[in-house]
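Counting starts at 1 for both ligands and their atoms, in listed order. Not measured: the values here are computed from a predicted model.
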Amino acid sequence: MVFITILLLNLLPSFRGEPQVPCYFIFGDSLVDNGNNNGLMTQAKANYLPYGIDFPGGPTGRFTNGRNIADIIAELLGFDSYIPPFATATGSNIVKGVNYGSGAAGIRDETGIQLGGRISLNVQLLNHLVTIARITALLGNKTAANEYLTKCIYTVGMGNNDYINNYLMPQFYPTSREYTPDEFAQVLIDQYKQQLTTLYKLRARKIAIFGLGLIGCIPAELGMYGTNSSACVDTINNQVQLFNDRLKPLVDELNSNLTDAKFIYINTTSISSGDPSVIGITVVNAPCCIVSTTFAKGQCVPGSVPCRDRTKYVFYDNFHPVELVNLVMAGRSYNALLPSDAYPYDIRRLAQIVETNIGFDVDYKVNPEPDQDMGHEAEDGELDSQ
Ligand SMILES: *[C@@H]1O[C@H](CO)[C@@H](O)[C@H](O)[C@H]1NC(C)=O
Ligand SMILES: *[C@@H]1O[C@H](CO)[C@@H](O)[C@H](O)[C@H]1NC(C)=O
Ligand SMILES: *[C@@H]1O[C@H](CO)[C@@H](O)[C@H](O)[C@H]1NC(C)=O
Ligand SMILES: *[C@@H]1O[C@H](CO)[C@@H](O)[C@H](O)[C@H]1NC(C)=O
């Protein structure tokens with residue numbers, strides 16, 4: 001109880017003074033999407049009630065009742081407003097950061113396609129190039145922009161949909177016939193490694209990578225696979241663990257190979273383990289809202305009335321946590337409660353690091369021009385479908 005109290009006290013946002021870093025860029029899926037899917041043709045949207053019922057101003061496209069993980073991390077970093085979605089960010093607003101998150105998106109380009117449009121990680125990186133060009137224009141020259149970009153915090157949380165909306169859907173995707181769980185985890189890691197290296201080449205230096213959650217415990221999978229008297233679908237959690245097990249060594253590899261890179265690993269499993277009743281949560285296996293059984297299956301039925309007490313549930317719909325769980329997730333990734341929450345340290349310490357040698361002149365010689373590199377990535381991107 002004492003720890004929880006301390007945790008929640010630390011979560012009180014401090015809107016006084018300057019943020020701890022000048023900018024925060026967000027790459028990810030529906031756990032961070034704050035409106036990027038609103039204009040897409042897709043079932044993966046949340047710009048209607050009861051989503052946003054506890055958010056100031058109501059529904060925005062966030063897949064929860066209130067704030068999402070990226071919102072809370074932005075508050076903890078001391079920003080005085082939320083980071084704008086790429087889809088609508090304009091003007092000098094983008095200098096403090098942009099949120100590229102997209103529901104149903106994955107490391108793999110095809111992930112989530114059965115739901116419609118989505119912005120895969122490859123396309124999120126292309127969108128970041130657009131932002132960089134705008135920032136360069138705002139700051140006056142490329143050198144100033146490059147130096148600025150090294151000071152920002154970047155969070156990347158990808159891979160959940162490569163399981164939920166790909167590998168675990170054999171009726172839509174061949175991956176589970178093409179790859180064993182072990183092979184699939186490796187294929188994802190290999191592609192992720194390239195994408196994270198691209199982000200580094202675009203001058204990102206302080207990068208927090210979120211591991212995958214306990215996907216075998218979400219109501220959508222409980223309903224589809226049955227639990228065989230366990231609390232979760234253990235086979236799914238074991239498959240996802242194969243990915244997480246490779247993610248931490250990847251962080252070490254990126255840190256040792258890439259000059260001045262500061263990658264950290266957020267252990268979502270560690271943060272979501274433990275007894276949720278300690279913070280008053282009593283329902284762990286059913287959604288708070290009434291979920292659709294047809295169109296946008298597992299998401300809240302538009303206009304339906306959700307559970308009265310949103311702090312008693314883990315899940316808002318069949319996939320996404322309620323705001324209280326987002327508070328814990330963001331709070332412990334920012335300020336680790338257990339040593340296993342963040343490796344080698346948490347986002348708070350990542351923000352405190354003063355760049356000693358950003359080495360942008362040297363980088364120019366040893367790395368390919370970002371633009372050339374991205375031209376390469378674009379070949380298998382999904383620009384058309386967005
Ligand atoms: C780039 O802009 C910065 C800050 O605006 C300025 O100090 C610097 O002299 C400029 N460098 C070049 C090469 O124009
Ligand atoms: C259910 O659990 C039993 C005992 O652990 C195991 O033998 C069986 O294979 C499991 N069935 C499924 C469908 O997972
Ligand atoms: C790190 O360097 C080793 C040895 O050169 C190489 O095999 C590996 O692919 C590199 N990894 C990354 C992420 O660049
Ligand atoms: C994550 O934390 C759990 C403890 O909850 C630990 O068992 C696991 O090894 C950690 N995973 C990684 C990749 O560090």
Side-chain angles (χ1 to χ4, degrees), residues 3 7 22-23 92 95 107 121 125 132-151 156-160 181-182 185-205 207-217 231-232 234 237-276 278 325 328-329 332-333 336-346 358 360-361 363-364 366-368 370 373 376-377:
F3 277 24
L7 169 73
C23 33
S92 59
V95 172
I107 292 168
L121 183 52
L125 288 165
I132 290 175
R134 291 176 181 164
I135 287 178
T136 306
L138 286 165
L139 298 187
N141 63 55
K142 206 166 175 178
T143 310
N146 284 343
E147 190 173 354
Y148 187 77
L149 290 166
T150 61
K151 299 184 199 307
V156 188
M158 271 291 188
N160 293 302
D182 203 57
Q186 189 60 47
V187 164
L188 287 181
I189 287 288
D190 288 343
Q191 190 167 359
Y192 210 18
K193 184 194 294 196
Q194 298 306 318
Q195 293 160 331
L196 293 170
T197 303
T198 297
L199 185 57
Y200 170 86
K201 287 176 182 166
L202 298 175
R203 312 295 151 173
R205 293 295 178 270
I207 308 171
I209 312 294
F210 280 78
L212 304 187
L214 295 167
I215 291 172
C217 304
C232 301
D234 297 330
N237 284 342
N238 293 339
Q239 287 174 10
V240 169
Q241 188 61 34
L242 297 169
F243 177 89
N244 284 339
D245 286 345
R246 288 170 166 84
L247 204 46
K248 196 172 157 186
L250 176 60
V251 161
D252 285 328
E253 188 185 326
L254 292 165
N255 282 335
S256 61
N257 281 29
L258 304 175
T259 309
D260 294 324
K262 304 281 189 294
F263 285 86
I264 66 170
Y265 170 69
I266 303 300
N267 187 338
T268 309
T269 312
S270 170
I271 297 174
S272 49
S273 298
D275 180 2
V278 178
V325 173
V328 173
M329 193 61 67
R332 286 173 63 168
S333 60
L337 183 62
L338 301 175
S340 52
D341 287 353
Y343 170 86
Y345 42 78
D346 54 27
I358 57 170
F360 51 88
D361 287 333
D363 281 346
Y364 256 109
V366 297
N367 288 326
D373 201 60
H376 215 67
E377 297 275 348

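- Side-chain N/O atoms of Asn237 and Gln241 include no donor and acceptor closer than 3.5 Å.
- For the side-chain contact (heavy atoms from CB on, under 4.5 Å) with Ile209, the qualifying choice from Ile266, Leu196, Ile264 is Leu196, the only one to do so.
- Residue contact check: Lys193 has heavy atoms under 4.0 Å from atoms 13 (C) of ligand 3.
- Every atom of ligand 4 is numbered from 1 in the order shown, and the set under 4.0 Å from a heavy atom of Asn244 is 13 (C).
- Although no hydrogens or angles enter the test, the distance criterion places a donor-acceptor pair under 3.5 Å between the side chain of Thr268 and the main chain of Gly211.
- Residue, atom and distance of the protein heavy atom nearest to atom 6 (C) of ligand 1 are Asn141 ND2, 4.2 Å.
- Comment: Asp260 does not engage Arg205 in a salt bridge, judged by the lack of any side-chain N to carboxylate O separation of less than 4.0 angstrom.
- Protein heavy atom closest to atom 14 (O) of ligand 4, with residue, atom name and distance, is Lys248 CD, 3.3 Å.
- Here's the thing with Glu253: one of its N/O atoms is less than 3.5 angstrom from an N/O atom of ligand 3.
- Residues Arg203 and Glu147 are not paired through a salt bridge, judged by the lack of any N-O separation under 4.0 Å between the basic side chain and the carboxylate.
- Contacts between Tyr343 and ligand 4, counted as non-hydrogen atom pairs separated by less than 4.0 Å, are absent for every part of the residue.
- An N or O contact shorter than 3.5 Å links Asn257 to ligand 3 by distance.
- Residue-level proximity to ligand 1 for Leu139 is carried by the backbone, the only part with a heavy atom below 4.0 angstrom.
- Considering both main-chain and side-chain atoms, Asn267 comes within under 3.5 Å of ligand 4 through a nitrogen or oxygen pair.
- The presence of a protein heavy atom under 4.0 Å from atom 1 (C) of ligand 3 is confirmed.
- Checked by distance only, ligand 1 and Thr143 stay at 3.5 Å or farther apart across all their nitrogen or oxygen atoms.
- Between the side chain of Asp341 and the main chain of Leu338, a donor-acceptor pair closer than 3.5 Å is present.
- Counting only heavy atoms, the protein never gets under 4.0 Å from atom 9 (O) of ligand 1.
- In this structure, the side chain of Asp346 does not engage the main chain of Ser333 through any donor-acceptor pair within 3.5 Å.
- Between Cys232 and Leu214, every side-chain heavy-atom pair lies at or beyond the 4.5 Å cut-off.
- Side chain of Tyr148 to backbone of Cys23: no donor-acceptor contact under 3.5 angstrom is found.
- With contacts defined as side-chain heavy-atom distances shorter than 4.5 Å, the pair Met158/Gln195 does not qualify.
- Looking only at heavy atoms of the protein, atom 4 (C) of ligand 1 is closest to Ala144 CB, 4.4 Å.
- Close approach of ligand 3 to Leu254 (heavy-atom distance below 4.0 Å) involves ligand atoms 13 (C).
- Here the protein heavy atom with the shortest distance to atom 5 (O) of ligand 4 is Ser270 CA, 3.3 Å.
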